Protein chains: 2
Amino acid sequence: MQITIDIESSVPLFAQLIAQIKQAVQQGNKKPGDALPSIRQLANDLNLNNKTVAKAYRLLERDCVIQTRGYRGTYVHPDARENSLVDLNELVTEKLKSAIAALRASGATDSEIRVAFAAIMSSGDA
Amino acid sequence: MQITIDIESSVPLFAQLIAQIKQAVQQGNKKPGDALPSIRQLANDLNLNNKTVAKAYRLLERDCVIQTRGYRGTYVHPDARENSLVDLNELVTEKLKSAIAALRASGATDSEIRVAFAAIMSSGDA
DNA sequence: ATATGTACCATGTTACAGCATGGTACATGT
DNA sequence: ACATGTACCATGCTGTAACATGGTACATAT
C-alpha cells in the first residue's frame with residue numbers, strides 16, 4: 001500500500017486514508033477481492049492510531065468500498081469500483097443545501113440556523 | 001421597562017432581552033404603538049453594550065414584534081401580539097429535522113452531516 | 001446641538017465539537 | 001498462542017463560532 005499521510009494537512013487523517021484507498025480502487029491498483037492490510041498493520045506502517053484506521057475502514061465499509069470478514073481480514077468489495085465513485089457527501093450536501101436555502105429565504109439568520117442544527121444533532125431526536 | 005438581565009445565565013444577553021420584550025407584549029404590558037426605550041438608553045439602563053441591545057432589536061423587528069422608525073424611535077408593532085407567539089426557530093427546527101432525518105436514513109453519519117453542514121454555511125453559497 | 005437607528009473597524013473570552021491518541025477487553029476462528 | 005474486527009473506558013489538542021465588548025462615523029430629522 002503506497003499511502004502517504006500528511007500530518008500537517010488540515011484534512012483529517014482518516015479522510016486522507018479514505019480518499020487514497022478509494023483512489024487506489026478507481027485507478028485499478030486495488031481490484032475487487034484484493035486483501036487490504038489489517039487495521040493494526042496499517043496503523044503501525046503509517047504511525048497512526050488503530051482507531052484512526054478503524055474509523056476509515058468503518059466508513060469505507062459502509063460505502064461498500066471494502067468488506068470486512070471478521071478474523072479473515074478486510075478485502076475490496078466486489079462493486080468497489082462504482083461504489084467508490086458514488087460520493088454520499090454530495091447527496092448529503094445537496095439535500096442540506098436546498099433545506100438551508102429555504103430557511104434563509106424565510107429570513108432566518110445563519111446563526112439561528114446553526115443553533116437549530118446544533119440542537120437537533122445533539123439531542124439524538126430527529 | 002422592568003427588564004432583568006442575568007449575567008451569570010448561559011442564555012445570551014440579547015436572547016434574554018428578546019424573550020422579556022416578547023413576554024411583555026404577550027402579557028399586555030406593552031401594547032401595539034407603545035414606545036420602547038432607545039437602544040442607547042436601554043443599553044445604559046441595563047449596563048449593556050449598544051450592540052447587544054441593537055442585536056435584540058434587529059431580531060425583534062425582523063420578527064415583526066417591534067418597528068423602528070429611524071430617528072423617531074422604536075415602537076411595538078401593530079401585530080406584535082400574534083407575531084410574538086410565532087417562533088421562527090420552531091419553523092427552522094422542523095424543516096431541518098426532516099432534512100436531517102432523511103439523510104440519516106440514507107446512511108449518513110452524524111459526523112458527515114455536520115461536515116457538510118459546516119461546508120455549506122461557511123461558503124455563503126447556498 | 002441632540003437623538004435616533006445603523007454601519008463599519010476591531011478585540012478577547014468562552015464553549016463546544018471534531019480529531020487523534022492511549023489502554024483494555026471481547027468473540028471470532030486459524 | 002495468534003490475529004482479525006470491534007467495542008468500551010478515557011485524555012488532550014485545536015480550530016471555530018458565538019457572544020459581548022470597544023470606538024468611530026453616517027444620514028436622518030427634531
Side-chain angles (χ1 to χ4, degrees), chain A residues 5-18 35-62 66-75 77 108-124, chain B residues 5-18 35-62 66-75 77 89 109-124:
Chain A
I5 294 299
D6 179 11
I7 303 289
E8 308 296 330
S9 169
S10 65
V11 179
L13 305 184
F14 79 89
Q16 293 185 40
L17 267 179
I18 292 175
L36 275 77
S38 77
I39 289 181
R40 291 176 177 81
Q41 180 68 48
L42 188 54
N44 191 47
D45 289 354
L46 301 175
N47 271 319
L48 296 180
N49 189 285
N50 293 347
K51 309 294 191 63
T52 305
V53 180
K55 183 175 183 179
Y57 272 31
R58 189 181 348 119
L59 272 306
L60 282 170
E61 192 188 20
R62 192 211 50 191
I66 66 176
Q67 256 181 340
T68 67
R69 302 186 191 161
Y71 68 95
R72 272 162 289 168
T74 304
Y75 300 86
H77 190 281
T109 302
D110 277 19
S111 171
E112 290 172 315
I113 296 176
R114 285 182 205 270
V115 170
F117 179 83
I120 296 172
M121 297 302 282
S122 62
S123 78
Chain B
I5 295 297
D6 180 12
I7 302 289
E8 307 297 328
S9 169
S10 66
V11 179
L13 305 184
F14 80 91
Q16 293 185 41
L17 267 179
I18 292 176
L36 273 77
S38 77
I39 289 181
R40 291 175 176 82
Q41 179 69 48
L42 188 54
N44 192 47
D45 289 355
L46 300 176
N47 270 318
L48 296 180
N49 190 282
N50 293 348
K51 310 296 189 61
T52 306
V53 179
K55 182 175 183 180
Y57 273 29
R58 189 180 350 120
L59 273 305
L60 282 170
E61 191 188 21
R62 190 207 53 188
I66 67 177
Q67 256 180 341
T68 67
R69 302 187 192 162
Y71 66 98
R72 271 162 291 170
T74 304
Y75 300 87
H77 191 280
N89 285 340
T109 302
D110 277 20
S111 170
E112 289 170 316
I113 296 177
R114 285 184 205 270
V115 171
F117 179 83
I120 295 173
M121 296 302 283
S122 62
S123 79

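All chains are named by letter (A, B, ...) in the order of the sequence lines, taking the proteins before the strands, and each is independently numbered beginning at 1. Since we're looking at a predicted model, the values are computed, not measured.
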Report the C-alpha distance between A:Thr52 and A:Leu46 in whole Å, list the side-chain angles of each, state the deciding distance to 0.1 Å, and finish with yes or no for side chain to side chain contact (heavy atoms under 4.5 Å, CB included).
CA-CA 11 Å; A:Thr52 305; A:Leu46 301 175; over 6 Å; no
What's the CD-P distance between A:Glu8 and C:dC19, to the nearest Å?
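Taking atom P of C:dC19 as the reference, CD of A:Glu8 is at 18 Å.
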Write down the distance between CG (B:Asp6) and P (D:dA20), rounded to a whole number of angstrom.
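Checked: the CG to P distance equals 12 Å.
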Between B:Thr68 and A:Asn47, which is nearer to the 5' end of DNA chain C once each is assigned its nearest nucleotide?
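Its nucleotide being nearer the 5' end, the pick is B:Thr68.
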Map B:Val115 and B:Arg58 onto DNA chain C by nearest heavy atom, then report which one ends up closer to the 5' terminus.
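Looking at the nearest nucleotide for each, B:Arg58 comes out on the 5' side.
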Would you sort out whether A:Asn47 and A:Ile7 count as a side chain to side chain contact (heavy atoms under 4.5 Å, CB included), showing the intermediate values?
CA-CA 10 Å; A:Asn47 271 319; A:Ile7 303 289; over 6 Å; no
[X] near the nucleic acid: base, sugar-phosphate alone, or nothing, with a heavy-atom cut-off under 4.0 Å?
{"X": "B:Gln41", "result": "nothing"}
{"X": "B:Gln67", "result": "nothing"}
{"X": "B:Lys55", "result": "sugar-phosphate"}
{"X": "B:Arg69", "result": "nothing"}

Could you walk me through whether A:Leu36 and A:Leu60 satisfy the side chain to side chain contact (heavy atoms under 4.5 Å, CB included) test, starting with their C-alpha distance in whole Å, then the side-chain angles of each, then the deciding distance to 0.1 Å, before giving a yes or no?
CA-CA 12 Å; A:Leu36 275 77; A:Leu60 282 170; 5.7 Å; no
Below the 4.0 Å mark, does [N] have OP1 or OP2 next to a side-chain nitrogen or oxygen of [X]?
{"X": "B:Thr74", "N": "C:dT4", "result": "no"}
{"X": "B:Ser10", "N": "C:dT14", "result": "no"}
{"X": "A:Tyr71", "N": "C:dT30", "result": "yes"}

Please tell me if the side chains of A:Pro37 and A:Tyr57 come closer than 4.5 Å, counting only heavy atoms from C-beta onward.
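Contact flag for A:Pro37/A:Tyr57 side chains = yes.
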Please determine whether side chain to side chain contact (heavy atoms under 4.5 Å, CB included) holds for the pair B:Lys51 and B:Phe14, giving the CA-CA distance in whole Å, both sets of side-chain angles, and the decisive distance to 0.1 Å.
CA-CA 9 Å; B:Lys51 310 296 189 61; B:Phe14 80 91; over 6 Å; no
Side chain of [X], heavy atoms from C-beta onward: which of [options] has the nearest atom to it?
{"X": "A:Lys51", "options": "C:dG23, D:dT21, D:dG5", "result": "C:dG23"}
{"X": "B:Arg40", "options": "D:dA25, C:dC19, D:dC19", "result": "D:dA25"}
{"X": "B:Phe14", "options": "C:dT21, C:dG5, D:dC19", "result": "D:dC19"}
{"X": "A:Asn49", "options": "D:dT4, C:dT6, C:dG22", "result": "C:dG22"}
{"X": "A:Ile39", "options": "D:dA20, D:dT6, C:dT6", "result": "D:dT6"}

Distance-only donor-acceptor test (3.5 Å): side chain A:Arg72, base C:dG29
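There is none.
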